[in-house]
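Atoms within each ligand, like the ligands themselves, are counted from 1 in listed order. All figures in this text were calculated on a predicted structure; none of them were measured in a lab.
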Amino acid sequence: MSSFKTPHRRYNLLTEEWVLVSPQRNLRPWQGQQEAIPPQVRSAYDPNCYLCPGNSRHGGLKNPNYEDLFIFDNDFPALLGENSVDDAHPQNLLIAEAEKGVCRVMCFSPRHDLSLPDLNRPTLRKIIDAWSVQYLQLADISWINHVQIFENKGAMMGCSNPHPHCQIWATASIPVEPFKELGACRRYFRDHKKCMLCDYLEQELKQKERVVELNDSFAVVVPFWAVWPFETLLVARRHVATISDLSATEKDGLADILKKLTIRYDNLFRTSFPYTMGFHQKPTNGQEYPELHLHAHFYPPLLRSATVKKFMVGFEMLGEPQRDITAEDAAARLRQLPTKYYREAESA
Ligand code: H2U
Ligand code: ZN
């Protein structure tokens, strides 16, 4: 596979889309935009942060003096609940449909200065349990058909606040990205009578060159079709459809691998590594999805340093996504990094 030295296209099994890979372009000089490095040292409590314990939010409500996790309904939700949504009236080619949903924010920790790689495994496990409870609670609402858990990390990803948090958007419709993936997984399951991600993972574990992290319960690979330079795919090793289907040991395994992966990411450019990550789980419309396999995507924008990010512009916007560094090279770089956090290593 490392024989990929010249331009080629790779097929994304999950989205059924192509990505252009140009390995020969990897060494081109960069004189373009440099992103500002966000301040590395933050205080444990910020009186101006709307997510810190005891502080007031923009909406006027006051946060409790929470001691571990804190979950609240988004004060500026992108979606409104039942009875607050008018019917859309599509006309000829102007197609629209009403959408309703629930938007929540989950603070990972009362500490303003921490992020996932700083949290210990028991705390990460509590977060995973809370994701599981949120999914099940929202799935219980009859008109909610999909639950999207995601974390936007870093100003570069449009995150509005450095306080460690994620969001949960539960919707009546299945959004575009999971919908594409479901279609691909369903067709593979129909044709092969097997789960596509089970088969894909088996192949990746045999080839090893794109594997970044592995424990008994989860694997992280730079997917063969990765678009973002250091994009990864976190896949459950057992065929399960939701976080709530994981055993206690597997949830501990998820905590372990989240910690290790995010430490590698921070160590890569010695910065608090920005990304958008999120889990794809079974839709909550009551149907069976034997083809669905629990996974998470990490989409980080950084390309070659803490300040140089990948731009999705030009050909990528008008043609198709393109990358220079191959998935194999990106995986090798992530794999070579120490799993000891760089700041701890420096202070030791
Ligand atoms: P980010 O994950 O992109 O930073 O978004 C944080 C969310 O927090 C955002 O959706 C919400 C915003 O609407 N928020 C509140 O609900 N209350 C506030 O007081 C500020 C921000
Ligand atoms: Zn805060």
Side-chain angles (χ1 to χ4, degrees), residues 35-81 84-85 99-120 123-124 126-128 130-131 134-135 137-138 144 146-173 175-178 228 258 262 265-266 271-281 296-302 309 312:
E35 300 288 331
I37 304 180
Q40 297 281 311
V41 183
R42 300 200 301 267
S43 53
Y45 168 74
D46 178 349
N48 297 315
C49 167
Y50 52 74
L51 299 183
C52 272
N55 289 1
S56 291
R57 300 206 300 274
H58 278 320
L61 294 172
K62 198 175 153 103
N63 296 330
N65 280 313
Y66 63 97
E67 288 180 357
D68 43 31
L69 286 170
F70 172 49
I71 300 165
F72 62 93
D73 285 328
N74 198 313
D75 299 308
F76 308 96
L79 294 145
L80 301 173
S84 332
V85 178
E99 178 62 313
K100 51 192 175 181
V102 175
C103 297
R104 291 184 181 154
V105 179
M106 182 196 289
C107 298
F108 292 149
S109 161
R111 287 274 302 267
H112 184 79
D113 55 335
L114 303 182
S115 63
L116 285 188
D118 304 303
L119 301 177
N120 60 29
T123 304
L124 289 167
K126 276 190 197 164
I127 293 169
I128 291 161
W131 286 337
Q134 286 296 311
Y135 174 88
Q137 263 184 16
L138 290 161
I144 291 289
H146 189 267
V147 177
Q148 185 60 59
I149 297 172
F150 64 95
E151 180 193 8
N152 274 340
K153 188 182 160 204
M156 212 183 271
M157 292 309 283
C159 178
S160 57
N161 187 307
H163 195 111
H165 68 281
C166 72
Q167 296 196 47
I168 304 168
W169 292 20
T171 48
S173 66
V176 170
E177 288 302 315
W228 294 94
L258 279 175
T262 52
Y265 271 155
D266 279 13
T271 194
S272 182
F273 199 72
Y275 56 70
T276 278
M277 72 79 88
F279 288 89
H280 281 154
Q281 309 187 71
H297 300 275
F298 279 79
Y299 298 128
L302 289 179
K309 74 170 189 183
M312 284 289 180

Open item on the list: Show, in sequence, the C-alpha distance, side-chain angles and deciding distance for F72 and F70, and conclude whether the ring pair (Phe, Tyr, Trp, His ring centres under 6.0 Å) test is met.
Closed with: CA-CA 7 Å; F72 62 93; F70 172 49; 5.3 Å; yes

TODO: Kindly tell me which protein residues have any non-hydrogen atom under 4.0 angstrom away from an atom of ligand 1, grouped by chain and ordered by number?
DONE: Y50, R57, H58, F72, N74, D75, F76, V105, N152, G158, C159, S160, N161, H165, Q167

Task: C52 near the Zn ion (ligand 2): N/O/S under 2.8 Å - done: yes

TODO: Could you list the residues that satisfy side chain to side chain contact (heavy atoms under 4.5 Å, CB included) with Q137, not counting sequence neighbours?
DONE: R104, V133, Q134

Task: Over 12 non-hydrogen atoms of neighbours within 6.0 angstrom of NZ in K126 - done: no

TODO: Look at the side chain of D266 and the backbone N and O of D118, then say whether any donor-acceptor pair between them is shorter than 3.5 Å.
DONE: no

Task: the Zn ion (ligand 2) - closest N/O/S atom in H112 - done: ND1

Task: Side chain proximity check, F76 to V105, heavy atoms < 4.5 angstrom - done: no

Open item on the list: Any donor-acceptor pair under 3.5 Å linking the side-chain atoms of Y275 with those of T262?
Closed with: no

TODO: Write down the atom of L258, the atom of F298, and the distance for their closest heavy-atom approach.
DONE: CD2-CZ, 3.9 Å

- [ ] Determine which of the N, O or S atoms in H163 is closest to the Zn ion (ligand 2) and give its atom name.
- [x] ND1

